[in-house]
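The structure under discussion appears below in the form of structure tokens.
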Amino acid sequence: MNRDFLAEFENYLRVEKGLAANTIKAYAQDLQKLLKFSKTQGVELVNLGQEDIIRWSQDLLRCGLSPRSTGRALNATRGFFRFLLGDRIINSDPSEHLETPRSFKPLPRFLNKDEVERLLGAPDASTALGNRDRAMIETLYASGLRVSELIKLNMTQVNLRLGIVSCMGKEVRKELFLLDRALNQE
């Protein structure tokens with residue numbers, strides 16, 4: 001009797017690990033790609049070695065799969081081989097020391113001078129809410145605060161006389177010096 005290790009692994013993910021259906025489906029699709037690769041290599045899936053898995057991941061990248069998706073496929077592969085190791089189907093894990101490809105985040109887009117001026121001019125300065133909104137935009141622009149950090153500020157963290165804002169953000173204490181806009185208008 002031939003065992004369907006992929007089906008057993010899917011059942012393990014569903015029952016014992018409690019993973020979401022979409023995660024299990026994505027892992028199953030990734031492992032089907034690995035199964036197809038193993039067949040083209042003439043090697044049983046459970047007999048793949050580290051070099052085979054490296055070649056497969058390189059093939060995925062060459063075929064246009066993103067580094068992030070290739071990384072997910074390698075995570076599915078690691079989980080699969082750990083499952084096989086835990087069930088004593090294999091003696092060593094060929095995926096143990098594999099590195100996941102790095103996905104590069106695009107650089108943030110920044111505003112040009114005209115866009116900044118339009119943004120600062122957008123609030124209606126003749127109303128109290130407009131003045132508040134403009135002050136918030138200027139504070140964000142001048143300090144580099146995140147919006148979530150700005151909305152959590154309270155008055156004890158703002159020293160208008162010194163032009164300093166103190167806040168905690170991303171586990172780091174920030175002391176931000178805000179320059180009076182009038183100084184920069186000349």
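Values below: every heavy atom of this structure, side chains too, minus hydrogens, waters and symmetry copies.
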Next on the checklist: Once you measure the plane-to-plane angle for Phe83 and Tyr12, does it fall in the parallel (<30°), tilted (30-60°) or perpendicular (>60°) bin?
Outcome noted: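 Phe83 vs Tyr12 ring planes: tilted.
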Membership question, hydrophobic clusters at under 4.5 Å side-chain separation (ILVMFWY): are [Y] and [X] in the same one?
X      : Y      : answer
Val46  : Leu6   : yes
Tyr27  : Ile89  : yes
Val43  : Leu60  : yes
Ile151 : Leu153 : yes
Val147 : Leu145 : yes

Do side-chain atoms of [X] reach the backbone of [Y] as a donor and acceptor pair under 3.5 angstrom?
X      : Y      : value
Ser38  : Leu35  : yes
Gln157 : Val165 : no
Gln29  : Ala26  : no
Asn112 : Asp114 : yes

Checklist entry - Between Asn131 and Arg134, is any side-chain donor less than 3.5 angstrom from a side-chain acceptor? => result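 Per modelled atom types, Asn131 and Arg134 side chains form no pair under 3.5 Å.
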Checklist entry - Knowing that exactly one of Asp52, Leu85, Ile53 qualifies, which makes a side chain to side chain contact (heavy atoms under 4.5 Å, CB included) with Pro94? => result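 Result: among Asp52, Leu85, Ile53, Ile53 is the only option passing the side chain to side chain contact (heavy atoms under 4.5 Å, CB included) with Pro94.
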Checklist entry - Considering all heavy atoms of both residues, which atom of Asp87 and which atom of Arg3 are nearest to each other, and what is their separation? => result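 Distance-wise, the nearest heavy atoms are OD2-NH2, 4.5 Å.
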Checklist entry - Please walk me through it: do Phe37 and Asp59 pass side chain to side chain contact (heavy atoms under 4.5 Å, CB included)? => result CA-CA 9 Å; Phe37 173 82; Asp59 283 353; 3.4 Å; yes
Checklist entry - Step by step, would you call Arg72 with Asn75 a side chain to side chain donor-acceptor pair (under 3.5 Å)? => result CA-CA 5 Å; Arg72 187 200 62 219; Asn75 284 336; over 6 Å; no
Checklist entry - To the nearest 0.5 Å, what is the distance between CD (Glu96) and CZ (Phe81)? => result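 Answer rounded to 0.5 Å: 12.5 Å.
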Checklist entry - Quick one: are Tyr141 and Leu119 in side-chain contact, heavy atoms under 4.5 Å? => result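 No, too far: nothing below the 4.5 Å cut-off.
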